[in-house]
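For reference, the structure is listed below as structure tokens.
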Amino acid sequence: MNRLSSIALGASTLVLSLMVSSCGRAPQLSADNIDTVLGHMTLREKIDMVVGAGNETFTGYGNTKKLVPGAAGTTVPIPRLGITPTVLTDGPAGLRIDTMREGQSRRYYHTGFPIGTALASSWNTQLIREVGSAIGNEAHEYGLDLIFGPGMNLHRDPLGGRNFEYFSEDPLLTGKMAAAYVNGIQSQHVGATLKHFAVNNQETNRKDVDVRIAQRPLRELYLRGFEIAVRESRPWSVMSAYNMINGQQCMESRDLLTTILRGDMGFDGFVVSDWAAPGWRQSGREIWAGNDLLAPGSEQQRREIRSAIKDGSLSQAALDSCVRRMLQFVVRSPRFAHYAYSENPDLKAHAAKSLEAAEEGIVLLENRAQTLPLTAQVKRVGMFGISSYNFISVGTGSGNVKTPHTVNLVEGFDHVGIQANPDLSRHYRQIISDTIKSRAYDPLGYAAIPEVSIDSTVISQSAQADDAAIITIGRSCGEGADRLATTEFNLSEVEHSLISRVAKAFHAVGKRVVVVLNVSGVVEVDSWRNLADAVVLSWLPGQEAGDAVCRVLAGRVCPSGKLTMTFPVRYEDCSTHDNFPYDYHGPKAIGNYPKIPRNPAIKNVHYVDYLEGMYVGYRYFDTFNRPVAYPFGYGQSYTHFDYADASCRMQDDGNFKLKVKITNSGQYAGKEVVQVYAPVPSLRHQLIAFGKTRLLQPGESQTLEVTFALRDMAYFDEQENAWVLDAGDYPLEVASNARDVRQTVHVRTSSRMILGRVSTALR
């Protein structure tokens with residue numbers, strides 16, 4: 001469309017709107033008249049629909065002051081046409097809204113659930129759907145319309161700053177978990193948002209970094225999870241990413257947001273920008289690309305879109321497409337339906353669901369000589385480490401939740417009838433109190449309190465008086481920065497010393513030592529794990545943290561969590577090590593930071609080369625048989641499971657059904673996660689299916705069934721620009737983890753199959 005025709009169309013739209021106003025009431029929006037309403041909108045009204053309310057409500061750090069205080073933002077209402085506002089909120093681990101409201105004494109609490117990695121460690125899609133449903137219900141009852149979650153970018157590197165919000169280093173597990181989460185949220189009539197699309201795997205300079213990546217890993221690893229979630233849950237929204245892919249800004253890439261997302265994947269919702277996109281973006285080009293809502297919104301963006309329409313670089317048709325999708329969202333929203341939200345969700349029931357999810361996400365890493373569960377003879381424990389008393393329940397940034405409480409380990413042990421050493425408790429609580437008093441307010445959430453050295457005399461006294469030692473190692477992280485290898489992957493000298501001295505003192509008198517990892521991401525374990533009798537990975541398990549951990553330690557719950565990423569022996573062993581900002585100390589990625597000059601361009605800051613290609617996580621370690629601390633899918637139990645009678649058949653719908661008999665041959669009731677791996681060109685194997693048993697009593701069996709499609713076994717052929725499955729015999733590994741194969745079945749294909757061509761390549 002040329003400039004003159006664009007101006008003429010805008011003028012005719014305005015004239016038509018004025019004619020309708022003079023002849024009678026303008027049409028009022030409904031699900032059946034979206035195009036009619038669109039035809040009566042002025043250019044200003046259309047622009048208002050694609051730019052958030054921004055300056056009218058935004059107070060910084062993604063907080064609004066109107067409608068629902070503390071929400072991330074709102075869309076603009078147009079009363080003339082019956083278009084209501086909508087309210088948008090962060091929510092990867094629960095709602096992020098204010099608990100206090102001006103002029104009210106009541107607290108509007110919301111449940112703090114386990115972080116994304118902890119949820120995924122359950123490998124239980126039904127449970128994740130139930131968590132999503134609880135979060136969606138709270139959003140519905142508090143007057144919210146859309147949740148910005150789940151976060152689902154891949155754990156490309158163990159030091160990714162927002163890995164805690166995400167699920168896994170594997171795209172199939174990521175996609176299945178995200179789909180379950182979305183289906184749960186949207187069962188409550190509010191929308192969910194997949195984010196951040198796409199290849200947003202580092203925080204360092206995430207607003208401007210250019211990801212240079214080949215087509216096969218792009219499709220198989222970084223887009224595959226989004227495709228699965230889009231197809232299996234039909235999310236209302238997808239959030240575009242700040243970064244570039246092969247020189248194209250994600251927010252400005254029509255290839256990514258329209259051709260791939262809407263065309264290849266079949267997405268039918270609206271795309272929202274990542275928050276407060278920097279000023280060097282082109283708003284008109286973002287709308288042209290198919291970025292339907294620019295959030296939180298600013299007058300500058302409105303001016304840029306108007307100018308783009310005026311100079312012909314943005315057509316009315318492209319703008320109308322975005323407006324139409326926003327109107328479709330509005331008519332689906334609870335606020336448009338005038339839902340009488342109660343502001344009283346069932347927080348008690350949701351706390352119980354948070355506890356269940358936390359318990360199932362706990363991973364038992366070590367358990368020598370059946371140290372766990374703690375025996376009835378353990379009446380009192382000596383608890384060491386700041387996080388034993390100041391347990392970290394959620395992350396920071398947009399993944400932060402203002403929980404009504406966090407159950408710490410002292411409370412958790414008390415609830416299972418075990419006392420914490422009161423002298424140690426007083427000592428640590430004083431340290432925590434002094435530290436908190438000196439902290440400045442941080443609206444994004446506080447980081448963990450650094451560990452402190454404990455006098456050896458105190459340790460010796462505890463070893464004499466207490467029945468066992470519990471050492472908690474804490475790590476928190478969040479939006480804005482990646483983790484550092486030296487201080488956040490590796491343990492500090494103080495932490496090493498604490499583990500060593502406590503282990504020496506307790507072992508000298510024949511008592512056991514348990515280490516609890518209250519961490520947001522992967523940490524180094526190889527140098528110290530032999531000093532501990534048991535190691536329990538709790539992640540950041542939400543507001544019921546202490547109860548979940550202590551119920552597992554005491555044997556009230558049998559651990560069933562499995563790792564969703566590999567634990568390397570050393571960080572330097574990772575395939576991404578040379579192409580990740582593992583020790584970066586420059587400007588962060590959020591806030592009003594200026595654009596970092598690209599002259600000279602800094603490796604892993606201005607650009608990052610994904611030279612590892614397909615060799616990410618277990619795909620690298622297993623293909624090249626590299627040693628690891630713990631493999632992908634690993635997790636011990638208090639009981640034992642036998643695998644038998646595995647079989648696989650193609651169904652009438654073309655999908656495969658794999659069956660395997662799982663028998664609990666141990667002494668505790670427990671659940672088992674079954675993982676199915678298949679070979680793929682250039683890789684030893686990849687995950688193609690998984691399932692989790694019900695709670696099996698000792699001696700009980702279950703024939704577990706999992707399904708998968710031919711596409712799940714395929715690879716992306718860059719020459720064909722298509723998903724391909726070669727002819728041949730495929731041995732399928734039925735496994736307890738990626739390196740513990742229990743049964744093998746075979747699938748044979750007689751000819752090479754093209755399982756779907758794609759429309760474009762991001763080159």
Short N-O contact, Arg156 and Glu612, less than 4.0 angstrom: yes
Six-ring centre of Phe641, Arg742 cation under 6.0 angstrom, axis tolerance 45°: no
His640 atom NE2: more than 12 heavy-atom contacts under 6.0 Å: no
Under 3.5 Å side-chain donor-acceptor pair for Asp157 and Tyr571: yes
Check against side chain to side chain contact (heavy atoms under 4.5 Å, CB included), Thr193 and Val272: CA-CA 9 Å; Thr193 305; Val272 58; 4.2 Å; yes
4.5 Å side-chain heavy-atom contact, Gln248 and Leu256: no
Distance-only side-chain donor-acceptor flag, Asn291 / Ser273, under 3.5 Å: no
For Pro171, all residues meeting side-chain contact (heavy atoms from CB on, under 4.5 Å), sequence neighbours excluded: Leu154, Leu221, Arg224, Arg619
Arg483/Glu203 salt bridge by N-O under 4.0 Å criterion: no
Spatial distance of atom CD1 (Ile362) from atom CH2 (Trp539) [nearest 0.5 Å]: 12.0 Å
Side-chain heavy-atom pair Lys659, Asp645 within 4.5 angstrom cut-off: no
Ring centers of Phe567, Tyr634 separated by less than 6.0 Å: no
Side-chain donor-acceptor pair present, Ser736, Lys562, cut-off under 3.5 Å: yes
Glu488/Arg475 ion pair, N-O < 4.0 Å: no
Any donor-acceptor N or O pair under 3.5 Å, side chains Ser575, Arg626: no
Salt bridge flag under 4.0 Å for residues Arg739 and Glu733: no
Side chains of Tyr715 and Asp726, donor plus acceptor under 3.5 Å: yes
Side chains of Thr639 and Asn664, donor plus acceptor under 3.5 Å: yes
Distance-only polar pair, side chains of Glu130 and Gln126, donor-acceptor under 3.5 Å: yes
Lys176/Asp712 salt bridge by N-O under 4.0 Å criterion: no
Parallel, tilted or perpendicular: ring planes of Tyr166 versus His155, cut at 30 and 60 degrees: tilted
Thr566 and Glu169: side chain donor to acceptor below 3.5 Å: yes
Over 12 non-hydrogen atoms of neighbours within 6.0 angstrom of CZ in Arg694: yes
Donor + acceptor pair across side chains of Tyr222, Asn201 (<3.5 Å): no
Short side-chain donor-acceptor distance under 3.5 Å, Asp642 and Thr663: no
Derivation and outcome, side chain to side chain contact (heavy atoms under 4.5 Å, CB included), residues Glu524 and Asp526: CA-CA 6 Å; Glu524 189 274 329; Asp526 193 63; 3.7 Å; yes
Any donor-acceptor N or O pair under 3.5 Å, side chains Asn367, Gln636: no
Residues, nucleotides or ligands: over 12 heavy atoms within 6.0 Å of Gln719 CD: no
Tyr582 and Asn604: CA distance, side-chain angles, deciding distance, side chain to side chain contact (heavy atoms under 4.5 Å, CB included) verdict: CA-CA 9 Å; Tyr582 61 88; Asn604 300 334; 6.0 Å; no
